[in-house]
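Read the structure below first, then the notes.
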Amino acid sequence: MSDSVNTTESHPFGADYSYFCAKAAELTGINLQNYKGKQMYRRLANYMKRRNIPDFATFAMRLQRDPEEVARLAEYLTINVSEFFRNREQWDVLAGQVLPLLADSAKWRMRVWSAGSAAGQEAYSAAMVFAERSLHGVFALGTDIDETSLSKARAGRYTASEVKSVPKKLLDKYFRKTDDLYVVADTIKRMVSFRRHDLLASEYPGNMDLIICRNVLIYFSERSKQDVLTRLAASLRSGGVLFMGATEAIFNPQHYGLTQIFPFFYRRMP
Ligand SMILES: C[S@@+](CC[C@H](N)C(=O)[O-])C[C@H]1O[C@@H](n2cnc3c(N)ncnc32)[C@H](O)[C@@H]1O
């Protein structure tokens, strides 16, 4: 069975599912075709079971009638789990080994893109790493397909459990505590801006020094993943670096004009 989902009548999961995918794409703006087919089908089947939705035709009808159902589905589909400094050892490599390379060759203002930034944890982690090296002239862009995550990212307010992976020294320095929440300090907020961007459909920004795209491509079909990697590589300046997730080695980086410099870090060849 193919890993991608198409929305034709001859769909491997049946015509109802095909119709549902078309409806979901129309109403959420998320094209399920580009995600791993079997995995997506299984997740949706589980979701329906939990919510007592008997079949895909009924689900499509509910989406059509109820905008809240659409919002709930969009949130579920985007799997926006994240944390600050996820896989800490890789962030240490970024700070200790990759940044010196970038800082040496960067223009006066470093451009950083957290693609699939969820609620901002990754983009703010990057900003803190840069600030610690006194690199404040950084423009960091956080993008995501999910508006709810983006609103949370812009607010920059997190619970104690959400900031538990932030090193104490950085928590004290770059967060302000108000009641039960930790608020990202203005010095860090000023370095980051967030906007909606669909990696599978939107135009890509260019001339990036560093792109962080972690735990996003794992949900995409093989073909979409390759398309996105091609476009991410093209968004890097020559010598710029792509930072991938802890399980996301690129097997043939040279195919994208990249070369591996450390595990999960790829540099665009001149
Ligand atoms: C599992 S989270 C990873 C967050 C963060 N990068 C990390 O590693 O902790 C995946 C994120 O990718 C976003 N996403 C899913 N499909 C996307 C797409 N087509 N374009 C942009 N973002 C997408 C989701 O909304 C979600 O916030």
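Every number for a ligand or one of its atoms is a count from 1 in the order of the listing. These values consider heavy atoms only, across backbone and side chains, with no hydrogens, waters or symmetry-generated copies.
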Q.
Centroid separation under 6.0 Å, is that true for the rings of Y17 and Y41?
A. yes
Q) Does a donor on one side chain sit under 3.5 Å from an acceptor on the other, for Q260 and R267? A) no
(Q) Centre-to-centre under 6.0 Å for Y174 and Y124, is that the case here? (A) no
Q: Verify, without hydrogens or angle tests, whether E26 (side chain) and K23 (backbone) share a donor-acceptor contact under 3.5 angstrom.
A: no
Q) Does the separation of the ring centres of Y35 and Y219 fall below 6.0 angstrom? A) no
Q.
If we set the cut-off at 4.0 Å for heavy atoms, which region of F84 has an atom near ligand 1: side chain, backbone, both, or neither?
A. neither
Q: Can you sort out which atoms of ligand 1 are near D198, meaning under 4.0 Å from one of its heavy atoms?
A: 18 (C), 19 (N), 20 (N)
**Q.** Pairwise distance OG(S161) to CG(D180) - rounded to 0.5 angstrom
**A.** 11.5 Å
Q. Closest non-hydrogen protein atom to atom 23 (C) of ligand 1, residue and atom name please, with distance?
A. I145 CG2, 3.5 Å
Q) Just which atoms of ligand 1 are under 4.0 Å from any heavy atom in E122? A) 5 (C), 6 (N), 7 (C), 8 (O)
**Q.** Within-cut-off N or O pair, R214 and ligand 1, under 3.5 Å
**A.** yes
(Q) Out of all atoms in ligand 1, which are within 4.0 Å of some heavy atom of A118? Include the element for each. (A) 4 (C), 27 (O)
Q) Can you tell me the protein heavy atom closest to atom 7 (C) of ligand 1 and the distance? A) R86 NH1, 3.2 Å
Q. Going by the order shown, which atoms of ligand 1 are within less than 4.0 Å of some heavy atom of L200?
A. 19 (N)
Q. Which atoms of ligand 1 have any heavy atom of I79 under 4.0 Å away?
A. 1 (C), 2 (S), 10 (C), 26 (C)
Q) Tell me, which protein residue and heavy-atom name are nearest atom 25 (O) of ligand 1, and how many Å apart are they? A) D144 OD1, 2.6 Å
Q) atom 24 (C) of ligand 1: which protein heavy atom is closest, and how many Å away? A) T78 O, 2.9 Å
Q: Could you tell me whether the side chains of T148 and S151 share a donor-acceptor contact shorter than 3.5 Å?
A: no
**Q.** Within the 6.0 Å centroid threshold, strictly below: F243 and W91
**A.** yes
Q. Quick one: which of S125, A74, G29, S82 has a heavy atom closest to atom 9 (O) of ligand 1?
A. S82
Q | H197 contact mode with ligand 1 (heavy-atom cut-off under 4.0 Å) | A | backbone
Q.
Within the 3.5 Å criterion, strictly below it, is a donor on T159 or E162 matched to an acceptor on the partner's side chain?
A. yes
Q: Could you tell me whether some N/O pair between D146 and ligand 1 is separated by less than 3.5 angstrom?
A: no
Q.
V216 versus ligand 1: do any nitrogen or oxygen atoms come within less than 3.5 Å of each other?
A. no
Q. For atom 4 (C) of ligand 1, what's the nearest protein heavy atom and its distance?
A. G116 O, 3.4 Å
Q: Give the residue and atom name of whichever protein heavy atom lies nearest to atom 8 (O) of ligand 1, and the separation in Å to one decimal.
A: N215 ND2, 2.8 Å
Q: Please confirm whether N80 comes within less than 3.5 Å of ligand 1 when only nitrogen or oxygen atoms on both sides are compared.
A: no
Q. Does S117, backbone or side chain, put an N or O under 3.5 Å from an N or O of ligand 1?
A. no
(Q) Is it the case that the side chain of R196 and the backbone of D144 share a donor-acceptor pair, with hydrogens and angles ignored and the cut-off at 3.5 Å? (A) no
Q) Is the closest N or O pair between Y35 and ligand 1 shorter than 3.5 Å? A) yes
(Q) Using a 3.5 Å cut-off on N or O atoms only, is L199 in polar contact with ligand 1? (A) yes
Q.
Check for me whether the distance between the ring centres of F84 and Y158 falls short of 6.0 Å.
A. yes
Q | Spacing of S202 atom OG and I145 atom CD1 [to the nearest 0.5 Å] | A | 7.5 Å
Q.
Looking only at the side chains, is there a donor atom on one of D55 and T58 sitting less than 3.5 Å from an acceptor on the other?
A. yes
